[in-house]
Amino acid sequence: MKGRDSAWLVVMALCLLFMVGPLVLVVLFSFGANTLIGFPMGGLTFSWYGKLVADEAFRDAARISLVVASSVAVLSTITGTLAAFALGRAQPKWARPVLATVSLPVLLPPLVVAIAIVVLVVRGLGLRLGLPVVILGHVLVTQPFVILIVMARLASFGTASVEAARDLGATRWQAFRLVTLPQISSAIIGAALISAAISLDDFIIASFTIGGGNTLSTFVWGKLRTTLDPSINAIATILLLSTIGMSVLALRLARYRG
Amino acid sequence: MTVRRDAWFLAPALAIVIVMLLAPMVLLLVISFWSVRSFKLQPDFTFSAWERFFVNYGGLTLYTLLIGIVTAVLCVAVGMAFAYAVRFKAGRYGDALVMATMITLFGGYLVKIYAWKSILGADGLLNQALMKLGILDAPAPWLLYSRGAVIVTLMHFLLPFAILPLYAALRNVQVATLEAARDLGATPTQTFWRVVVPQCRAGLFAAFAFIFLLAAGDYVTPLLIGGTSGSMLGQFIALEFSTRFNWPAGAAMSFGLLSASLLVLAAGFMIVRRRPA
């Protein structure tokens, strides 16, 4: 019995090592003086970060990523929260197919979604690619997450308190603002952060629909493809820590468990 | 009244799905029947792009599906072992382990692929370690740019997508039923296959389907990790849109890949359903 339990411990440890280990390596080597990943890693240094901050192309990419991720967070939180309200109230026979349709983009390969968008924008509508296309493409992928998170929160506190407020004379808007919103606001902020994290992390949709310029992801891609520039570790760390940091914060706020 | 208002609430989200997904997919399908003359897209009704897909890329499509299936099966197996351990063996550390899984979910797609390139490369960590230990005399080039490397990398970023639905499914399996099975004389293996697995069937299939679709549709991993022996169809779809400017070919290949993937899932669904509870 004891041996069996320690076998399970090994399974858990190995899985954890497999999932987290490679990421830890990248972070670790971003502070190493040597140019490539490999031991010994050389002395501790922040010079790769210094070089990045001095690089104008990096600063542009960071600025564009910030604009895209925050726009995506705001827009998908609005569309997703509104949809969650409607779907939470609707009969299951209506809600289920609508939810499936809205979640479809998550199931399709991002490559196919990206090229389909390019085809419509360029050929179908005769418009130019650019940041608005990137932002709408990201909203497409992030709004199902907002819907699921907000719906789960709405379901968990029920309708009794809202009905009580209405019976006590609150208008529909007052009931929403004073009763519903305070209870779901942390879930909404969590959903916004998840959306920003997904947007920041996306490479495929951004690279096809951006037209010109770079987000942080496409900037990393450029470095990956051309040289083994050691500042890759530093920018990868920035990207990793910001997406993971937002996820941690979001999961705490949304009180999401499993 | 409320129905009409709810329809307005749904309108923005649905409008985005229609404009950014449904309309583009319809146009992509239409374009797969168009033709290209001297790098210009021409409205047409021809099957030449589809013919090209079947003749030139039929084998690669099957191989891509196979990589997807292998990755999904491995992820589901490893993910099930991990989720089972977290649910029934980890005790109070369970929550922390789920949290660790979840935080790797939404970030670092490119970073993860890059990390494996550094680990498996010719002067990467694994080669260095194997040479230090005296197992290898010279760096083994086959660690990177191979099918195995592609599958390991795909598994790395898709494993959390297996663990979370499986853990959610396992939370509905009561400890009492496992104890009942044991008290009635079932071995742990029998309990797992005949009590736990049947209750998690929907979660197992969902995890398989999701990972299979994303693995079979990925093109960045084979591009950076796969070399020539590990190529997948997605790379060639991307190529038609980025440098070759043959949109009909890329469109036909996209829908070919999607339809073939759906066939695999339909077959998987039949197998899951037919198995007695």
Side-chain angles (χ1 to χ4, degrees), chain A residues 5 8 11-12 15-16 18-20 22-23 25-26 36-39 78-80 82-83 85-86 89-90 98 101-102 104-105 107 109 111-113 115-120 123-124 136-137 139-140 143 194 197-198 201 203-204 208 217 220-221 224 232 236 239-240 243-244 247-248 251 258, chain B residues 6 9-10 12-13 16-17 20-21 23-25 27-28 31 41 78 81-82 85-86 89-90 97-112 114-116 118-119 123-125 128 156 159-160 164 167-168 171 210 213-214 217 219-220 224 234 237-238 241 247 250 254 258:
Chain A
D5 277 358
W8 281 115
V11 167
M12 284 188 275
C15 282
L16 203 61
F18 176 66
M19 284 191 290
V20 180
L23 305 180
L25 283 178
V26 172
L36 292 171
I37 282 192
F39 286 106
I78 294 170
T79 62
L82 285 174
F85 270 100
R89 274 194 301 250
V98 173
T101 310
V102 177
L104 201 59
L107 288 174
L111 171 66
V112 176
V113 175
I115 58 181
I117 292 173
V118 170
V119 165
L120 182 82
R123 177 77 203 193
L136 287 177
V139 171
L140 175 75
Q143 65 182 8
I194 293 280
I198 295 172
D201 191 47
F203 159 70
I204 297 175
F208 276 94
S217 289
V220 172
W221 174 253
L224 276 180
I232 288 177
L239 207 52
L240 195 65
T243 51
I244 284 182
S247 303
V248 171
L251 294 171
Chain B
D6 283 357
F9 276 18
L10 278 174
I16 284 181
V17 175
M20 299 304 283
L21 185 76
M25 291 298 278
L27 186 61
L28 192 67
I31 278 182
L41 201 55
V78 175
F82 183 75
V86 168
K89 310 285 174 185
L97 287 168
V98 174
M99 192 73 182
T101 310
M102 239 170 332
I103 58 175
T104 64
L105 191 66
F106 294 112
Y109 171 70
L110 279 184
V111 179
K112 286 168 185 166
Y114 162 67
W116 282 102
S118 320
I119 292 169
D123 47 5
L125 285 179
Q128 286 182 10
H156 179 239
L159 188 58
L164 293 175
Y167 180 73
R171 284 214 307 190
F210 192 73
L213 285 172
L214 288 187
Y219 79 101
V220 180
L224 282 181
I237 298 177
F241 280 87
W247 288 10
S254 299
L258 282 183

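Side chains included, hydrogens not; waters and symmetry mates left out as well; all remaining heavy atoms used. Just so it is clear: chains get the letters A, B, ... in the order the sequence lines come, proteins before strands, and each one is counted from 1.
In this structure, the portion of A:Phe203 lying under 4.5 Å from any heavy atom of chain B is its side chain and not its backbone. Of the two parts of B:Leu105, neither the backbone nor the side chain holds a non-hydrogen atom closer than 4.5 Å to a non-hydrogen atom of chain A. Proximity to chain A (any heavy atom under 4.5 Å) is restricted, for B:Tyr219, to the side chain, taken from C-beta onward. For chain B, no part of A:Ile78 is nearby; none of its heavy atoms comes within less than 4.5 Å.
The CZ atom of B:Phe82 sits 5.5 Å away from the CG atom of A:Leu16 when rounded to the nearest 0.5 Å. Here B:Ser118 contributes atom OG and A:Leu25 contributes atom CG; the two are 8.5 Å apart, rounded to the nearest 0.5 Å. Atoms OG1 and CD1, from A:Thr79 and B:Ile16 in turn, are 5.0 Å apart once rounded to the nearest 0.5 Å. For the atom pair CG (A:Leu240) and CG (B:Leu110), the distance works out to 11.5 Å, reported to the nearest 0.5 Å. Once rounded to the nearest 0.5 Å, the distance linking CE of B:Met102 with CD1 of A:Ile244 reads 13.0 Å.
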* Take B:Tyr109 and A:Ile204 through the side chain to side chain contact (heavy atoms under 4.5 Å, CB included) test and state the conclusion after the steps. => CA-CA 10 Å; B:Tyr109 171 70; A:Ile204 297 175; 3.7 Å; yes

* Stepwise side chain to side chain contact (heavy atoms under 4.5 Å, CB included) test for B:Leu224 and A:Trp221 -> CA-CA 10 Å; B:Leu224 282 181; A:Trp221 174 253; 3.7 Å; yes

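Annotation for A:Val11 and B:Ala81: closest pair CG1-CB, 4.0 Å, computed over non-hydrogen atoms. Residue A:Ala116 comes nearest to B:Leu28 through the heavy atom pair CB-CD2, 4.1 Å, listed as atom of the first residue, atom of the second, then distance. Taking every heavy atom of both residues into account, B:Met20 and A:Gly137 meet most closely at CE-N, 3.5 Å. Residues A:Met19 and B:Pro160 share a closest heavy-atom pair of SD-CG, 4.2 Å. Nearest approach of B:Gly217 to A:Pro109, heavy atoms of both residues: CA-CB, 3.8 Å. Pairing each heavy atom of B:Ala85 with each of A:Met12, the nearest pair is CB-CG, 3.5 Å.
Residues B:Lys112 and A:Val26 form no side-chain contact, since every pair of their non-hydrogen atoms from C-beta on lies 4.5 Å or further apart. Proximity of A:Leu104 to B:Val17: side-chain heavy atoms (C-beta onward) are nowhere separated by under 4.5 Å.
Qualifying side chain to side chain contact (heavy atoms under 4.5 Å, CB included) partners for B:Leu27, counting only residues two or more places apart in sequence or in other chains: A:Val119, A:Leu120, B:Ile31. Not counting sequence neighbours, the partners of B:Val78 by the side chain to side chain contact (heavy atoms under 4.5 Å, CB included) test are A:Cys15, B:Met155, B:Leu159.
Counting heavy-atom pairs closer than 4.5 Å to chain B, the top residue among A:Ile117, A:Ile115, A:Val112 is A:Ile115. Here B:Ala13 is the residue among B:Ala23, B:Ala13, B:Pro12 with the most heavy-atom pairs under 4.5 Å with chain A. Ranking A:Gly80, A:Pro22, A:Ser247 against chain B, the residue ahead of the rest is A:Pro22, based on heavy-atom pairs under 4.5 Å.
Taking the six-membered ring where tryptophan is involved, the planes of A:Phe18 and B:Trp116 are tilted, since the angle between them lies from 30° to 60°.
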